[in-house]
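Below is one structure, written out as structure tokens; comments come after it.
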Amino acid sequence: MPDAQAHSQHSNHSAHLNPWVLGGVGTLSGLVLTPYILPLFGVGSYTQTSIWAHQLEGQTLASTAELEAAGGTFYGTGLAGSITEAIAGIPLAGPILTSSAEIAIPMLGMSVTAGALASLATVGVLAFGGMWLANKMEKSENPEIAGLWSKVVRGAALTTSVLVAMPQILGTLSLGITALAFAFGGNELLVPTVLKLHETIGAPLMGHAASAGTSLAAMLIPHVVTCGGLIAPLFSGLFFDKSGDDPSLASHAMHAVSDGGARADIRLVHADPVVSGQPVTLAFQVIDKVTGQPLSADELETTHTKKLHTMVVDQSLNDYHHLHPSYDPESGLFLCQFTPQTNHAYTAWHDYKAIGDVANVQMQTPLSSLRTSPSLPSVIRHTQHVEAGGLQVHIEAAPPLRAGQDSMLRVTVSDQQRRVVPDLAPVMGAYAHLVGFTGNAEHFIHCHPMGAEPRLDSDRGDGALTFHVTPEHDGPTKFFLQVRRGGQPEVTIPFGQLVRAPEHFAERVMPSSHAHAAALSI
């Protein structure tokens, strides 16, 4: 699938443009610039903005007596001041990150606080360095490093970055709201707004700039360099989160459901974000657990005419795709593509068997959506009769489906005159394929009809099919039956079945005057 591979490489970078991140960057950037953009249109003034910026930062509203009474430990107002005070308590780094000492910038004729510059450098190092290290660890052949520890590093880097940047981000919000209040309500709206901000969002004492100049440059440059400079690397780190040095090699979490000591795992190397109506390219590697090296298609058993079966379904269990990744020997990747019909998150299940393994392996991975739309819990109705694609299907289970127990699921495929069809054509080496998912695709069933399988494409089978099913989990289960009549397109027929909970026994102590216990089966 060379076209799929090209599409995968082309879309690696765009796949990480999360709209929430873009929206956050745009909103905060607008608030950073609001106090300076509005005066250009004759709304508000630089002078008034400067005065209230310093008051928000506690430089005039906090009296000298209050500062002396606090022992010089006044860190600002509201939530921003509280976070600044918490940061100040960090040994060694805290006093530096919250310092209000001024650092002169002679070339610009102004000064910037040491705490703001230290925070800027810290957030930049953590956001980029932490994400880079986590991405490197994620590519490790050691599953523990690639899984748990890469997540620990990523989580710690992002959490610390947000904590360090938060006082300045909150101060930016306060200053932007203040400028808007003054612009549209004058001092009458400005005074109560600032007082309310002191009690809530607040602002840190270590201001963005010590200069209270009235020129645009005197205020805009230090503000954008510090506040805007803190926001940029923080959100850039989120962009950088999944890309690493080579975004096409970002791995995704896989969950083994049934591996029976299998030799190989699957690593999802690349997945385009889900957008309804747009092709999604998936790229996999099959990894040898012992050597950590990828296996080629020649090292996998052929199961029902294919090396690898990938079943994809959305959260509502309505949009189902049965895919067969093709192997690209140059990259060592298995590639496939599907076009989602919803903006829900999807789940991919993979069914395969490495040479030498006793049984097939079934593994799961989530596929994220770029424009996630609300998804109600899947509604699965138990049914014994369904019609689709010009066919009628009758379903009976004997005994009734129950978790952990064997059952024969008899499926009869008939035409519109209720006559059992005599001409089922081979579908991937079988007369039918049956795939089942529990709610939200958390669990998976994949089986084929019992009896003789077709040997030639010209062979035909009877529509009375029997599947040996042993569900591992109880609850409503959505099945998809894939069949094809000779000379006609393949048809996928969905139907629901209720899988009962497993039978079990429990002892209940029955109260009586004789204090004896009775064991009751339930």
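Under the 30°/60° scheme for interplanar angles, the aromatic rings of F334 and Y327 are found to be tilted. Using bins of under 30°, 30° to 60° and over 60° for the plane-to-plane angle, the ring pair H309/H324 lands in the perpendicular bin. Ring orientation note: the planes of Y320 and H322 are nearly perpendicular, at an angle over 60° on the 30°/60° scale.
Across all non-hydrogen atoms, the minimal contact from A264 to A354 is CB-CB, 4.3 Å. Closest non-hydrogen pair, G463 versus L424, comes out as CA-CD1, 3.7 Å. The two residues V312 and A348 make their nearest non-hydrogen contact at CG2-CB, 4.0 Å. Across every non-hydrogen atom of M311 and F437, the tightest pair is CB-CZ, 4.1 Å.
Under the salt bridge (Lys or Arg N to Asp or Glu O under 4.0 Å) criterion, D288 pairs with R263, not counting sequence neighbours. For the side chain to side chain contact (heavy atoms under 4.5 Å, CB included) test, residues two or more places apart in sequence or in another chain that qualify with D423 are V421, R460, R485. Here L126 pairs with T122, T160, S161 under the side chain to side chain contact (heavy atoms under 4.5 Å, CB included) rule; sequence neighbours left out. Residues that satisfy the side-chain hydrogen bond (donor to acceptor under 3.5 Å, both in side chains) test with K307, not counting sequence neighbours, are T302. Take I380 and apply the side chain to side chain contact (heavy atoms under 4.5 Å, CB included) test, not counting sequence neighbours, and it matches L317, S378, P476, K478. With sequence neighbours excluded, no residue satisfies salt bridge (Lys or Arg N to Asp or Glu O under 4.0 Å) with D462. Residues passing the side-chain hydrogen bond (donor to acceptor under 3.5 Å, both in side chains) test with Y346 are D319, T342, sequence neighbours excluded. By the side chain to side chain contact (heavy atoms under 4.5 Å, CB included) test, A118 is found to be paired with I96, L97, residues two or more places apart in sequence or in another chain being considered. For T310, the side-chain hydrogen bond (donor to acceptor under 3.5 Å, both in side chains) partners are H350, not counting sequence neighbours.
Not one N or O on the side chain of H446 forms a donor-acceptor pair closer than 3.5 Å with the backbone of L434. In this structure a side-chain-to-backbone donor-acceptor pair under 3.5 Å is present from D272 to T281. Between the H473 side chain and the H443 main chain, no donor and acceptor come within less than 3.5 Å of each other. Counting only distance, with no hydrogens or angles, the side chain of S407 and the backbone of P399 share a donor-acceptor pair below 3.5 Å. A distance-only check finds a donor-acceptor pair linking the side chain of Q341 to the backbone of T339 [under 3.5 Å].
Put simply, the side chain of V286 reaches to within 4.5 Å of the side chain of Y352, judged on heavy atoms. Put simply, the side chain of V393 does not reach to within 4.5 Å of the side chain of V483, judged on heavy atoms. Residues F284 and C336 are in side-chain contact: their nearest non-hydrogen atoms beyond the backbone lie under 4.5 Å apart. The shortest distance between side-chain heavy atoms of I445 and F479 falls below 4.5 Å. Contact annotation: the side chain of V435 never approaches that of D351 to less than 4.5 Å [non-hydrogen atoms, C-beta and beyond]. Two residues are said to be in side-chain contact when any heavy atoms from C-beta on lie closer than 4.5 Å; L367 and F338 meet this criterion. In this structure the side chain of P167 never reaches within 4.5 angstrom of the side chain of L170, judged on heavy atoms. Here the side chains of I266 and I287 are not in contact, with every heavy-atom distance at 4.5 Å or above.
A distance of 12.0 Å separates OG of S296 from CG of D328, quoted to the nearest 0.5 Å. Annotation: the span from H448 atom NE2 to H468 atom NE2 amounts to 14.5 Å, rounded to 0.5 Å. The NZ atom of K353 sits 14.5 Å away from atom CG of L308, with the distance rounded to the nearest 0.5 Å. From L481, atom CG reaches atom CD1 of I395 across 8.5 Å, with rounding to the nearest 0.5 Å. The CG atom of L335 lies 9.5 Å from the NE2 atom of H270; values are rounded to the nearest 0.5 Å. Distance check: R267 CZ to L333 CG gives 11.0 Å after rounding to the nearest 0.5 Å.
For the salt bridge (Lys or Arg N to Asp or Glu O under 4.0 Å) condition, no pair includes a residue of residues 391-410, sequence neighbours left out.
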Which side-chain N or O atoms in residues 385-392 pair as donor and acceptor under 3.5 Å with protein atoms at least two apart or in another chain?
from, atom 1, to, atom 2, distance (Å)
H385, NE2, Q392, OE1, 3.4
Q392, OE1, R418, NH1, 3.4
Q392, NE2, Q416, O, 3.3

Indicate every side-chain donor-acceptor pair of residues 488-502 with a distance under 3.5 Å to a residue at least two apart or in another chain.
from, atom 1, to, atom 2, distance (Å)
E490, OE2, Q482, NE2, 2.7
Q497, NE2, T383, O, 2.6

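Of the residues T470, D474, V469, the one that meets the side chain to side chain contact (heavy atoms under 4.5 Å, CB included) test with L401 is V469.
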**Message:** Between F444 and V313, does the side-chain contact (heavy atoms from CB on, under 4.5 Å) criterion hold? Intermediate values first, please.
**Reply:** CA-CA 11 Å; F444 173 73; V313 69; over 6 Å; no
**Prompt:** side-chain contact (heavy atoms from CB on, under 4.5 Å) between T200 and L79: does it pass, once the steps are laid out?
**Reply:** CA-CA 6 Å; T200 54; L79 180 60; over 6 Å; no
**Request:** Could you walk me through whether I87 and L163 pass the side-chain contact (heavy atoms from CB on, under 4.5 Å) test, one step at a time?
**Result:** CA-CA 8 Å; I87 294 174; L163 176 64; 4.3 Å; yes
**Message:** Using the rule given for side-chain contact (heavy atoms from CB on, under 4.5 Å), can you reason through L282 versus Q337, listing the C-alpha separation, both sets of side-chain angles and the distance that settles it, and then say yes or no?
**Reply:** CA-CA 6 Å; L282 307 177; Q337 197 174 76; over 6 Å; no
